[in-house]
Amino acid sequence: MELLEGLNEEQRQAVTTTEGYVRVIAGAGSGKTRALTHRFAYLVNELGISTSNILCVTFTNKAANEMKRRIRSMIGDNDTGYISTFHGFCVQVLKEDIHVLQYPKNFIILDTEDVNSVLHTIFEDMGLNSKNFTFPTLIDMITDRKNREDYLKDILNTDHEELKDKFRHAKNQQDAIFYRYLYEQKKCFALDFDDLINFVLYIFEHYEDIRSKWQQRLEYIMVDEFQDVNVRQYRLTQILSDYHHNLFIVGDPDQTIYSWRGARVEYILNFDQEYPSAGTIIMDKNYRSTPNIVNASNSLITKNKKRMEKQLIAMNQTEIPVIYNHAKTTGQEAEWIAEQIMTLIGSGRKLRDIAILYRSHFISRSFEEVFIKKNIQYTIYSGIEFYKRKEIKDVLCYLRMIVNSDDISFTRIVNLPKRNIGERRMAFLKEYAEKNNCSLWQALQQNLEHELLTKTQAKAFLHLIEKYQAVYEKMKLSELLTNVLNESGYEALLRTNGEQDRLDNLAELKQSIFEYERDAGEECSLPDYLDRISLYTNLDQKEQNDAVQLMTIHNAKGLEFPYVFVCGLNEGIFPSKHVDTKDKLEEERRLAYVAYTRAERALFLSDAEGVNYDGSYRYPSRFIFNVEKAYLNYTVELEERLIGDAGFYIEQNERKLEGNTIRLQVGDIIRHSVFGRGTIVGINDEISSYIIQFDSMETTRSISFKIRLELIE
Ligand code: ATP
Ligand code: MG
């Protein structure tokens, strides 16, 4: 059986133990996914199981496509049945069976942007402003309620009028927003990502015939990356496997990186308690990476306190060191990486064999600039190139308005933030401009006193632009940008919407302007800057076959690349500045472990000095110091002083996290120095607080983990 060739003993066992509950726990690159794909092929080729009777779930679309490709080549058939993500599988179930809920087969699926635009409508219609609610908190609120409440009854059993009634007479604003959101969804039969799995679970729980149809159909179920399933995904696997009892799961507890979205590593750890008949297969050989990469990664992950000890031995014997480079600026960091890439290409490697991984999207900016300059082709996965991101384009249009006052910039920003210049008024301006053969900007200047415009903030907009048109040539560019962001209300808009990613991107744009000023010296001017930037924005890069791959680490989960650069390894970036508990820090370290273990032949770590937006210094990340120096090859020795300062900063930070860490449990009775005796009734991780019912009070209080509480019993 050639299928079993090229597999080790444990993998063979995993492939051939087709019946019952089976769990594989193993470290990165140990061949878990390979075992899973071979198992699929074994079921089909050797046992004669039809692909339409096998469900195979992975975590991302990219991983699912890769898996399909491999399985196709092994079974020589294009029909691969159900190989998809949980979401993808749910869509398939709903396409077939959602009619029982009186929904059409071609229901709409709302993506994140769609959800935002529904929220915009709600804000407008309800006359809300973002002072009380930000979009992300509302999205969390909606997700949270969808997890906890029986909201499906409301959606399914209530008609439009009743739903309307519910939000009109809601007892508070949150209820009103929630029901309004459900109403908007119901009106156009739209499902968001949370609904997909909730609808399926609802159908399975209420329609026995449908449940048993799917249970019987799916004779074999396999799930990859099981360390990252959440409660509903777990429930779905439980239900689906409850007829044939064939469930095969694989995962690595050290790679749990979605706790922040509800993933629970306990599901893989306690699988044998849930299913006492379950067999467990442990694998400890790494086939992906060189020994140095494996050792460096092991060395890093053992710094986590909460983990199951595992061994991982490299099978590959090439001795290539892991390289670490420290740069003074992000520009130099990008230059260094570009140089390494050129060297690799010079020695016959392909661009597509190289991946650049980072913690957050905003990091991509300096790399993109250098790659464009040096003509190195690149592709960004599941993210938009920096200069094409909405907020960057918005702000550049403000700057262009000052220099060019062109119609495109005008249309983009005149009502951003809202200045009450909506469609009707724009139509008026357009008509005027056409008749008088002038620009929209001139149309506005000439009609400021028109009754249609007097009730808008057109004047303020006009004054803002005119003010800077008069002085921009004498101003520093960075100052101009800061003023425009402030005075236009654009930055405040993002701030009140709480759009952190966009704010990070704006801060990065400011950084790029600083760099431009520094490099251009006397020559720098706004028109010149805009010309330069247009090189980056107007590129029409096609989907490339041979290109460096840029992506966040979350997107690189499960994948592997011959050459991997992990960059932006700085305190405040990675670990992120948002980390405020020890548990979150351990999750960041697992994320670094995922990043390091993507590399097959060579791993490059890099960082650059600088300042974070909160003013903190960008020291080299603890995830570099966490790797024993013997496994790292420093391109330059760090200055003693930098090591000392970084060490001090990290130590302080760890101490702070220690203080922020949960030490008590729900049910504990405590004493607070002022409020007295109380019982812990809940824990709110988001704000690092215990929810406490004090004997002396009627309602609960949230008390920070940092406060000393005496444990009584
Ligand atoms: P991750 O935890 O990152 O998801 P994994 O455990 O799923 O990793 P795979 O992606 O299945 O690991 O395998 C890692 C690499 O090792 C792949 O290139 C795979 O082809 C190779 N490999 C796996 N098993 C063997 C084997 N027995 N012999 C040779 N190569 C193998
Ligand atoms: Mg895998």
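In each ligand, atom 1 is the first atom listed, and ligand 1 is the first ligand listed. Computed from a predicted structure; not experimentally measured.
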For T33, take its heavy atoms, then give the atoms of ligand 1 lying under 4.0 Å from any of them. 4 (O), 5 (P), 7 (O), 11 (O)
Give me the nearest non-hydrogen protein atom to atom 5 (P) of ligand 1 as residue plus atom name, then the distance to 0.1 Å. K32 N, 3.5 Å
With a 4.0 Å cut-off, would you call D284 and K310 a salt bridge? no
Can you confirm whether or not the ring centre of Y258 sits under 6.0 Å from the ring centre of H554? yes
Between D583 and K305, does at least one N-O distance fall below 4.0 Å, as a salt bridge requires? no
Quick one: does T597 get a heavy atom under 4.0 Å from ligand 1? no
Could you tell me whether R70 and ligand 1 have an N or O pair separated by under 3.5 Å? no
Check whether NZ of the Lys or CZ of the Arg R23 lies under 6.0 Å from the centre of the six-membered ring of F226 and within 45 degrees of that ring's axis. no
Does any N or O atom in D252 lie less than 3.5 angstrom from one in ligand 1, N or O only? no
Residue, atom name and distance, where the atom is the protein heavy atom closest to atom 10 (O) of ligand 1: R288 NH2, 3.0 Å
Is there a nitrogen or oxygen of G29 sitting under 3.5 Å from a nitrogen or oxygen of ligand 1? yes
State whether K374 and E335 are salt-bridged, where the test is any N-O pair (Lys NZ or Arg NE/NH1/NH2 against Asp/Glu carboxylate O) under 4.0 Å. yes
Using heavy-atom distances, let me know which of R12, Q11, R34 sits nearest atom 20 (O) of ligand 1. R34
Is there a nitrogen or oxygen of G31 sitting under 3.5 Å from a nitrogen or oxygen of ligand 1? yes
Residues E658, K582: salt bridge by 4.0 Å N-O rule: yes
Identify which of Q255, E600, R598, H38 has a heavy atom lying nearest to atom 3 (O) of ligand 1. R598
Proximal atoms of ligand 1 relative to G6 (non-hydrogen, under 4.0 Å): 26 (C), 27 (N), 28 (N)
Ranked by distance from atom 18 (O) of ligand 1, the top protein heavy atom is E560 OE2, 2.5 Å
Using a strict cut-off of 4.0 Å, indicate which atoms of ligand 1 neighbour a heavy atom of N8. 27 (N)
Test: E560 and R288 ion pair at under 4.0 Å: yes
Are E600 and S289 close enough that a side-chain donor and a side-chain acceptor fall under 3.5 Å? no
